[in-house]
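Take a look at the structure set out below.
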Amino acid sequence: MKQHIADLINAALDTLTDNGTLPADAQRRIMVENTRDKAHGDFASNVAMTLAKAAKTNPRQLSQAICDALPASENIAKTEIAGPGFINFFLASDAATAVVGRILKAGNKYGHSDAGANRKVQVEFVSANPTGPLHVGHGRGAAVGDSICRLLSATGWDVTAEFYYNDAGAQINNLALSTQARCKGLGPEDASWPEDGYRGDYIKELADSYMAGDSIEAEDKQVTGLKDADNQNAIRDFAVAYLRREQDQDLKAFGVNFDVYFLESSLYSEGMVEQTVQQLIDSGYTYEQDGALWLKTTEFGDDKDRVMRKTDGGYTYFVPDVAYHLNKWNRGFERVVNEQGADHHSTITRVRAGVQAVSQSTGMAIPEKWPDYVLHQMVMVMRGGEEVKISKRAGSYVTLQDLIEEVGRDATRYFLVARATTSQLTFDIDLAISQSNDNPVYYIQYAHARVCSVIGKLAERGWEWNQNMAVDLALLDTDAEKALMKRLATFPEVVQRAAENCEPHQIANYLVDLAGDFHSYYNSNKMLIEDAELRNARITLSAACRQVLANGLDLLGVRAPEHM
RNA sequence: GGGCCAAUAGCUCAGCUGGAUAGAGCACCGCCCUUCUAAGGCGGUGGUCGAGGGUUCGAAUCCUUCUUGGCCCGCCA
């Protein structure tokens with residue numbers, strides 16, 4: 001509809017250009033916006049304000065001229081000039097109610113588009129190392145990342161969800177040492193406990209499992225505890241498999257799935273790290289100093305150069321990271337979204353620097369700003385008005401599993417995704433578990449369940465209705481009904497905007513508003529009434545509302561229950 | 001010292017990429033249950049949009065300088 005109005009305005013401007021009111025070289029910036037206030041009609045445009053100067057007249061006069069030149073449209077009932085020179089468009093009744101039919105016809109595809117044109121996009125998220133249970137921060141990453149996948153998929157992208165993890169290296173060594181210490185009956189309080197060892201109780205559970213000879217199904221192999229406290233390699237393999245399985249179970253319980261699990265070790269075993277190092281050296285952006293190999297990241301906006309190869313011969317973490325991203329590009333992902341915690345922010349410059357150094361010297365032509373990053377700020381968990389501290393290294397932190405068990409999957413996902421990722425998030429456990437009007441999750445789900453309930457009552461009373469039957473939508477002329485339909489009509493553009501900006505919280509906000517519109521409507525207009533025509537029109541509108549609530553909740557990975 | 005993010009009602013936050021009188025929810029005050037689910041609805045109180053300067057028809061939104069808070073600045077990942 002916005003495009004339709006823009007077309008009308010464009011035609012009017014053509015007319016005004018032809019008759020000399022507008023200079024031919026005037027820059028057209030036609031914007032059609034949703035109005036906030038229904039007194040301003042359904043859509044408004046500010047064209048007159050932007051063109052008044054070029055036309056050497058005042059905005060209101062130009063508005064009048066544009067209105068006079070607008071071609072007639074059956075979709076537009078009337079136009080008005082208001083304020084400093086806005087043109088307000090009032091939709092014809094048929095055009096406003098048509099959204100109901102569009103929604104019911106499109107079903108669970110309403111709001112979706114093919115804007116992505118089936119291009120390949122990879123979303124990498126969570127990517128936690130297998131050194132402990134997932135914590136709330138990972139939960140935010142999981143909720144946001146999964147929702148971004150759903151949004152991109154809904155807007156026509158070919159999405160690959162990927163989880164990258166380090167299954168070797170220093171931290172895994174530390175995990176093996178910590179587990180070994182537990183196998184030998186030591187605890188963090190003992191003098192011989194490994195320095196910086198993982199202190200959490202989960203290490204003890206893991207050690208007990210190893211010493212009990214448990215078997216773990218890992219990606220492509222089975223790992224069995226050898227019960228040998230001196231076999232460090234066996235302990236390491238077992239510990240990684242054990243914690244990976246636990247993380248998988250947490251993610252599964254959270255409703256989050258991945259298409260690809262990518263092991264950092266594979267970058268070494270398949271020679272990609274060595275190849276990348278050679279490419280970086282060949283690029284001319286490296287130099288040796290103090291016995292180490294450096295990359296001139298300052299050439300790419302970093303504040304200092306970074307070590308690639310340490311004096312002990314090992315590589316720093318960002319070298320495999322660069323190799324990994326070159327691998328992503330070579331797999332055909334012209335768009336990559338990396339969702340991660342804001343504390344990893346400093347890696348962005350380094351990864352892009354390494355990617356660009358290789359790209360420019362080999363002619364790969366990778367765009368400068370590739371890959372995209374979505375960084376989420378920290379999560380603070382509150383219970384009873386007090387902060388619950390998160391401290392991974394100390395081993396005492398709120399795990400994702402704790403949250404899911406305490407407040408449920410749906411509320412956890414909703415709260416972790418409902419805020420802009422650029423803002424720090426306060427997760428209020430008391431609010432999340434409250435089954436009351438305070439809680440937006442229940443508010444939205446309840447709106448969905450209410451529609452289901454009403455539709456269920458129809459059959460009980462012997463009234464026939466189905467969503468494909470012909471109804472007279474012109475009967476829906478109350479303010480509440482108009483507001484509801486207007487809200488429903490904006491859903492596709494909300495989805496599009498949320499997808500483009502990787503901002504799932506926009507969906508959450510939309511759903512609260514939509515649920516509010518529906519509850520308000522429900523309360524002011526009775527649906528189960530004797531008048532069959534009006535009843536069917538209202539039920540059909542409610543069914544459309546239910547569909548959009550369900551579609552929106554699905555984009556957040558939150559369930560839409562039929563009963564509550 | 002440098003970088004990233006934030007600052008909007010007492011609290012938690014939106015604000016559709018620069019539009020009309022800045023919006024929700026909670027809290028507080030007053031209403032509405034013999035009714036399709038009160039897990040709900042209606043109304044009211046409450047704002048110098050952190051501060052100053054700039055850009056223009058128009059700024060919470062863009063630029064700039066500050067202030068405050070969080071995170072990062074390792075030959076850890």
Side-chain angles (χ1 to χ4, degrees), chain A residues 31 33-37 39-40 44-46 49-50 52-53 58-59 82-86 88 129 131 166 169-172 174 196 264 290-294 301-304 306-318 320-321 341-349 375-378 380 382 418-426 428 431 434-440 442-443 445-447 449-451 453-458 460-461 490 493-494 496-498 500-501 503 505-506 508-510 512-513 516 519-529 535 538-539 542 563-564:
Chain A
M31 289 183 59
E33 302 166 319
N34 300 311
T35 54
R36 276 216 178 99
D37 188 336
H40 298 148
S45 181
N46 61 352
M49 275 114 89
T50 63
K53 216 174 220 175
N58 72 57
F86 289 101
N88 293 334
N129 286 336
T131 55
N166 179 357
Q171 297 198 24
I172 299 299
N174 189 13
D196 297 328
E264 181 182 357
D290 304 330
L293 182 67
W294 297 69
D302 207 350
D303 56 343
K304 52 184 147 182
R306 305 291 167 177
V307 169
M308 288 172 53
R309 189 171 59 219
K310 301 179 277 186
T311 47
D312 69 4
Y315 295 112
T316 54
Y317 78 94
F318 89 87
D321 256 13
D343 53 337
H344 289 80
H345 149 261
S346 55
T347 69
I348 297 176
T349 313
L375 302 178
H376 63 259
Q377 299 289 324
M378 310 235 76
M380 181 173 73
M382 300 284 288
R419 301 289 179 232
T421 53
T422 50
S423 292
Q424 288 170 242
L425 172 67
T426 304
D428 185 343
L431 175 61
S434 77
Q435 303 205 350
S436 71
N437 51 354
D438 310 4
N439 190 336
Y442 288 93
Y443 186 75
Q445 290 184 320
Y446 180 44
R450 264 188 155 167
V451 180
S453 171
V454 171
I455 289 175
K457 286 273 195 295
L458 288 170
E460 282 177 28
R461 302 197 182 186
T490 62
E493 60 192 81
V494 173
Q496 190 59 42
R497 201 166 53 234
E500 278 171 9
N501 300 329
E503 292 181 342
H505 76 278
Q506 293 197 27
N509 289 322
Y510 171 86
V512 173
D513 290 341
H519 285 307
S520 178
Y521 171 50
Y522 176 91
N523 223 257
S524 59
N525 297 79
K526 204 162 158 66
M527 294 174 198
L528 299 179
I529 50 177
R535 180 180 71 230
R538 287 179 176 171
I539 297 289
S542 300
H563 307 283
M564 290 183 75

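Just so it is clear: chains get the letters A, B, ... in the order the sequence lines come, proteins before strands, and each one is counted from 1.
Look at the C1' atom in both B:C36 and B:A60: the space between them is 42 Å, to the nearest Å. The separation of B:C16 from B:A22, taken at their C1' atoms, amounts to 14 Å, rounded to a whole angstrom. Atom P of B:A39 sits at a distance of 13 Å from the matching atom of B:U35, rounded to the whole Å. A gap of 27 Å separates the C1' atoms of B:U65 and B:C57, to the nearest Å.
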Could you pull out the protein-nucleic contacts involving nucleotides 16-18 of chain B (nitrogen or oxygen on both sides, under 3.5 Å)?
from  : atom 1 : to     : atom 2 : distance (Å)
B:C16 : O2'    : A:R497 : NE     : 3.0
B:C16 : O2'    : A:R497 : NH1    : 2.3
B:C16 : N4     : A:R36  : NE     : 3.2
B:U17 : O4     : A:N501 : OD1    : 2.3
B:U17 : O4     : A:N501 : ND2    : 2.8

Every protein N/O lying under 3.5 Å from an N/O of nucleotides 63-72 of chain B:
from  : atom 1 : to     : atom 2 : distance (Å)
B:C72 : O2'    : A:S346 : OG     : 3.4

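Atom pair A:L528:CG and B:U35:C1' shows a separation of 11 Å (rounding to whole Å applied). Straight-line distance from the CG atom of A:D321 to the C1' atom of B:C76: 13 Å, rounded to whole Å. Regarding A:Y510, its OH atom lies at a distance of 17 Å from the P atom of B:A24, rounded to whole Å. Rounded to an integer number of Å, the gap from A:N166 CG to B:A77 P is 8 Å. Between the CG atom of A:N439 and the P atom of B:C13 there is a distance of 15 Å, given to the nearest Å.
Among the protein residues, A:H519 comes within range of the sugar-phosphate backbone only, with heavy atoms under 4.0 Å from sugar or phosphate atoms but none that close to a base. Using a 4.0 Å heavy-atom criterion, one finds that A:K526 contacts the bases of the nucleic acid, with or without backbone contacts as well. Among the atoms of the strands shown, only primed sugar atoms or phosphate atoms (P, OP1, OP2) are found under 4.0 Å from some heavy atom of A:A420. Here A:Y522 lies in heavy-atom contact (under 4.0 Å) with a base. Residue contacts for A:N525: at a heavy-atom cut-off of 4.0 Å it reaches a base atom on one of the strands shown. Using a 4.0 Å heavy-atom criterion, one finds that A:R461 contacts the sugar-phosphate atoms exclusively. The residue A:A44 sits close to a base: some heavy atom pair falls under 4.0 Å.
Both A:K457 and A:V512 lie close to RNA chain B; mapped to their nearest nucleotides by heavy-atom distance, the more 5′-ward contact belongs to A:V512. Each of A:W294 and A:P59 was matched to the nucleotide of RNA chain B holding its nearest heavy atom; the match closer to the 5' end belongs to A:P59.
Using the Watson-Crick or G-U wobble rule with both distances under 3.5 Å, B:C4 pairs with B:G70. With a cut-off of 3.5 Å on both Watson-Crick or G-U wobble distances, the partner of B:C33 is given as none. Of the nucleotides present, none pairs with B:A22 by Watson-Crick or G-U wobble criteria with both distances under 3.5 Å. Remark: B:U55 base-pairs with no nucleotide; criterion is Watson-Crick or G-U wobble with both hydrogen-bond distances under 3.5 Å. With a cut-off of 3.5 Å on both Watson-Crick or G-U wobble distances, the partner of B:C28 is given as B:G44. The partner of B:A9, taking Watson-Crick or G-U wobble pairs whose two distances both stay under 3.5 Å, does not exist in any strand shown.
The main-chain N or O of A:A449 is never found under 3.5 Å from a side-chain atom of A:S453 such that the two would form a donor-acceptor pair.
Out of B:A6, B:C42, B:A77, the shortest distance to the side chain of A:N129 is found at B:A77. For A:T426, taking side-chain heavy atoms from C-beta onward, the closest of the listed nucleotides B:C13, B:A20, B:G40 is B:C13. Considering only side-chain atoms of A:D290, the nucleotide from B:G40, B:C5, B:C75 that sits closest is B:C75. In the set B:G41, B:C36, B:G19, B:G19 carries the atom at the smallest distance from any side-chain atom of A:M49. The A:T50 side chain lies nearest to B:G19 when the options are B:C76, B:G19, B:G41.
At the phosphate of B:C42, neither OP1 nor OP2 sits under 4.0 Å from any side-chain N or O atom of A:S524. Checking the phosphate oxygens (OP1, OP2) of B:G41, a side-chain nitrogen or oxygen of A:Y443 falls inside 4.0 Å. Contact between the side-chain N/O atoms of A:K310 and the OP1/OP2 oxygens of B:G74 is not found at any separation under 4.0 Å. The shortest distance between the side-chain N/O atoms of A:K304 and the OP1/OP2 oxygens of B:G3 is not below 4.0 Å. Phosphate proximity of B:A77 to A:R306: absent, as no side-chain N or O sits under 4.0 Å from OP1 or OP2. The shortest distance between the side-chain N/O atoms of A:T422 and the OP1/OP2 oxygens of B:A6 is below 4.0 Å. Between B:G15 and A:H505, a contact under 4.0 Å exists linking OP1 or OP2 to a side-chain N or O.
Classification of B:C49 as anti follows from a glycosidic angle more than 90° from 0. Look at B:U17: its glycosidic torsion is within 90° of 0, and that puts it in the syn range.
At a cut-off of 3.5 angstrom, the base of B:A77 holds at least one donor-acceptor pair with the side chain of A:Y317.
Within the 4.5 Å cutoff, the side chain of A:H40 has no heavy atoms near those of the A:F86 side chain.
For A:F86 and B:G19, the ring-to-base geometry does not satisfy the stacking test (centroid distance below 5.5 Å, interplanar angle below 30°).
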